[in-house]
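Take a look at the structure below.
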Amino acid sequence: MKLGVVILAAGKGTRMRSTLPKVLHPLAGRPLLGHVLDAAVALGAAQVCVVYGHGGAQVPAAFPQSQAVWVEQAERLGTGHAVLQAMPAMAAMDRVLVLYGDVPLIEPETLNRLVDDTAETRLGLLTMELTDPTGYGRIVRDKSNRVLRIVEQKDASTAERAITEVNTGIIVAERACLADWLGRVGNDNVQREYYLTDVIGLAVGDGVAVATCAPESPEEVAGVNDRAQLAQLERHYQHGLAEKLMRDGTSLADPTRIDVRGSLICDQDVFLDVNLICEGRVRIGANCRIGPNCFLKDCTLGVGVEVFANSIIDGATVAAGARIGPFARLRPETEIAEDCHIGNFVEVKKSHIAAGSKVNHLSYIGDAEIGARVNVGAGTITCNYDGAHKHLTQIGDGAFIGSNTALVAPVTVGTGATIGAGSVISRDAPAEKLTLTRARQATIEGWQRPVKSSS
Ligand code: UD1
Ligand code: CA
């Protein structure tokens, strides 16, 4: 059985009040439509077709890696008309599943269940019971509980409006039948639209039994129409991630105060304090502790790393036993080896720091290769940029860099070298020796402070 997926994404999204097309608004750091495309891929769809309109070429351009076929619906004439635009792209499919670009949290398991449970019939619907069904299409059934048709809220009678079983909009149908039914759908209704939902009545007219099944949770089929709904779904999604982390052996100080915008993998017994934000691919080794208010992006932390409050780790690798922060910033292409200490107000960019080295206070380390067991004193700066180019600073194993040293790159400090505090090192400093550039301290005998004249 070849399953095709059609994703409707042509809507305007007026209530978002945004210049960004609605389906490109992010949820957990990914566009809404990206979540739906992922669900289609997870289902193993043989063909995916996205019907876009509002926002134009911006929408397909946002998914350069996607294998989907993109079809523009120039005029928004209704959901039935939208699916019809996708039918040529579905020609080789056996069944077609219709999803929505602004319904991001649909679970592939639910869709699999819909597809499996309705395999015997030509048409399956995902429906649910709502205490307040306002705004949704209602499922009209006969006395034997067989689905007869769907009536839209705007077209419904008072009695029909009292029905609490609603259409989620998600349907699966045999491809050839769907094409035939869609060709017969008219627009004789209040909105003058070609409704996808009219397919149900046409199928029943052809003697087709319509099967239904329900989602696990209402959030799965909740649409995003405005920013408040988007924020609600974001919270729901983040809550689900937090629960999963805890089930898998991670402690969270507060499961409502973590946001993962990408993927976070934690080994066992990690502790995450409040207000952690993760972006991209973050991997945290066993027994790590992450302090409050940290930002981790595309980084890997080894076993037992401690990250203290208010630290930022972006595109860096930190090996086992290292201590980072508080208030540290590790920037891309940084590698911190085992047991290093990177302390407060220290920025490290594109540098390698070997095992056991310490940069504890108020330093900038950029484009540097620092050996093992090096001590970098407070206020040390690598002057890596001459206004045109970046240059390398190399520091050998066991070196000691006195406080407030400026290392003017390119420059090398030898193994075991000592640099006197306050030096400006612009030439290589030899191994095992003390090098310093400092005016000699003088004491002026007999000097007196000026005093105010008493006139
Ligand atoms: C639709 C269903 C309704 C169901 C509800 C669930 C129809 C006629 N009604 O109503 O039974 O309860 O969804 O949320 O299908 N779209 C296009 N092109 C169009 C029209 C719509 O791409 O020409 C897209 C929209 O961007 C949106 C989706 O289809 O993502 C649903 O359209 P919308 O107008 O919001 O349908 P509802 O009135 O909510
Ligand atoms: Ca609508």
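Positions are given from 1, in the same order as the sequence printed here. Reckoned from all heavy atoms, side chains included, excluding hydrogens, waters and symmetry mates. Since we're looking at a predicted model, the values are computed, not measured.
Annotation for Arg175: atom CZ counts as buried by contact number, over 12 foreign heavy atoms lying within 6.0 Å. By the neighbour-count criterion of 12 heavy atoms within 6.0 Å, atom CD of Glu369 is densely surrounded, having more than that number from other residues, nucleotides or ligands.
A distance-only check finds no donor-acceptor pair linking the side chain of Gln238 to the backbone of Glu234 [under 3.5 Å]. When atom types are taken as modelled, the side chain of Thr118 and the backbone of Gly124 share no donor-acceptor pair closer than 3.5 angstrom. At least one donor-acceptor pair closer than 3.5 Å links the side chain of Ser363 to the backbone N or O of Thr380. Proximity of a side-chain donor or acceptor of Ser351 to a complementary backbone N or O of Lys349 within less than 3.5 Å is detected. With hydrogens and angles ignored, the 3.5 Å screen pairs no side-chain donor or acceptor of Asn275 with any backbone N or O of Cys294. Using modelled atom types, no side-chain atom of Arg289 and backbone atom of Phe308 make a donor-acceptor pair closer than 3.5 Å. With hydrogens and angles disregarded, no donor-acceptor distance shorter than 3.5 Å links the side chain of Thr382 to the backbone of Asn384.
Note that CG of Asn167 is 10.0 Å distant from OH of Tyr136, once rounded to the nearest 0.5 Å. Atoms SG and OH, from Cys383 and Tyr364 in turn, are 10.0 Å apart once rounded to the nearest 0.5 Å. Put simply, CG on Leu245 and OG1 on Thr250 are 5.0 Å apart, with the number rounded to the nearest 0.5 Å. Of the inter-residue distances, the one linking Arg235 atom CZ with Leu230 atom CG reads 10.0 Å to the nearest 0.5 angstrom. Rounded to the nearest 0.5 Å, atoms SG (Cys278) and CG (Leu296) are 5.0 Å apart. One finds the SG atom of Cys299 at 5.0 Å from the CG atom of Leu301 (value rounded to the nearest 0.5 Å).
Screening residues 110-121 for salt bridge (Lys or Arg N to Asp or Glu O under 4.0 Å), with sequence neighbours left out, gives Arg113-Glu216. Within the structure, the salt bridge (Lys or Arg N to Asp or Glu O under 4.0 Å) test picks out no pair touching residues 79-98 (sequence neighbours left out). Screening residues 34-53 for salt bridge (Lys or Arg N to Asp or Glu O under 4.0 Å), with sequence neighbours left out, gives Arg30-Asp38.
By the 4.5 Å heavy-atom criterion applied to side chains, Val6 and Met90 are counted as neighbours.
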Would you mind writing out the side-chain donor-acceptor pairs for residues 260-270 within the sub-3.5 Å range, not counting sequence neighbours?
from   : atom 1 : to     : atom 2 : distance (Å)
Asp267 : OD1    : Arg283 : NH2    : 3.0

For residues 421-438, which side-chain donor-acceptor pairs fall under 3.5 Å, sequence neighbours excluded?
from   : atom 1 : to     : atom 2 : distance (Å)
Ser423 : OG     : Gly420 : O      : 2.7
Ser423 : OG     : Thr437 : N      : 3.0
Asp428 : OD1    : Thr412 : N      : 2.9
Thr437 : OG1    : Val424 : N      : 2.7
Thr437 : OG1    : Val424 : O      : 3.4
Arg438 : NE     : Ala421 : O      : 3.1
Arg438 : NH2    : Ala421 : O      : 3.0

Can I get a per-line list of side-chain donor-acceptor pairs under 3.5 Å for residues 45-63, giving both atom names and the distance, sequence neighbours left out?
none

Return all side-chain donor-acceptor pairs below 3.5 angstrom for residues 325-339, not counting sequence neighbours, or 'none' if the list is empty.
from   : atom 1 : to     : atom 2 : distance (Å)
Arg331 : NH1    : Glu347 : OE2    : 2.5
Thr334 : OG1    : Arg331 : O      : 2.8
Thr334 : OG1    : Val348 : O      : 3.3
Thr334 : OG1    : Lys350 : N      : 3.2

Distance-only donor-acceptor hits, side chain of residues 77-87, under 3.5 Å, sequence neighbours excluded:
from  : atom 1 : to     : atom 2 : distance (Å)
Thr79 : OG1    : Leu196 : N      : 3.0
His81 : ND1    : Gln73  : NE2    : 2.9
His81 : NE2    : Gln85  : NE2    : 3.1
Gln85 : NE2    : His81  : O      : 2.9

Identify all side-chain donor-acceptor contacts of residues 390-403 below 3.5 Å with residues at least two apart in sequence or on another chain.
from   : atom 1 : to     : atom 2 : distance (Å)
His391 : NE2    : Asp386 : OD2    : 2.7
Asp397 : OD1    : Ala372 : N      : 2.8
Ser403 : OG     : Ala378 : N      : 3.4

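Put simply, the residue from Leu125, Thr110, Leu111, Thr127 that forms a side chain to side chain contact (heavy atoms under 4.5 Å, CB included) with Ile170 is Leu111. Partner of Asp102 under the salt bridge (charged side-chain N to carboxylate O under 4.0 Å, His left out) criterion, chosen from Arg15, Lys12, Lys22: Lys22.
The heavy-atom pair separating Pro133 from Val166 by the smallest distance is CB-CG1, 3.5 Å. The two residues Ala319 and Val305 come nearest to each other via the heavy atoms O-CG2, 3.3 Å. Among all heavy-atom pairs drawn from Leu37 and Ala68, the shortest one is CD2-CB, 4.2 Å. Here the closest non-hydrogen pair linking Gly223 and Gln229 is O-OE1, 3.5 Å.
Checked against side chain to side chain donor-acceptor pair (under 3.5 Å), Asp273 has no partners two or more places apart in sequence or in another chain. Here His35 pairs with Tyr237 under the ring-ring contact (aromatic ring centres under 6.0 Å, His included) rule; sequence neighbours left out. For Phe271, the ring-ring contact (aromatic ring centres under 6.0 Å, His included) test picks out no residue, with sequence neighbours left out.
Residues Thr134 and Asp132 bring a donor and an acceptor atom of their side chains to less than 3.5 Å of each other. A donor-acceptor contact closer than 3.5 angstrom links the side chains of Ser18 and His25.
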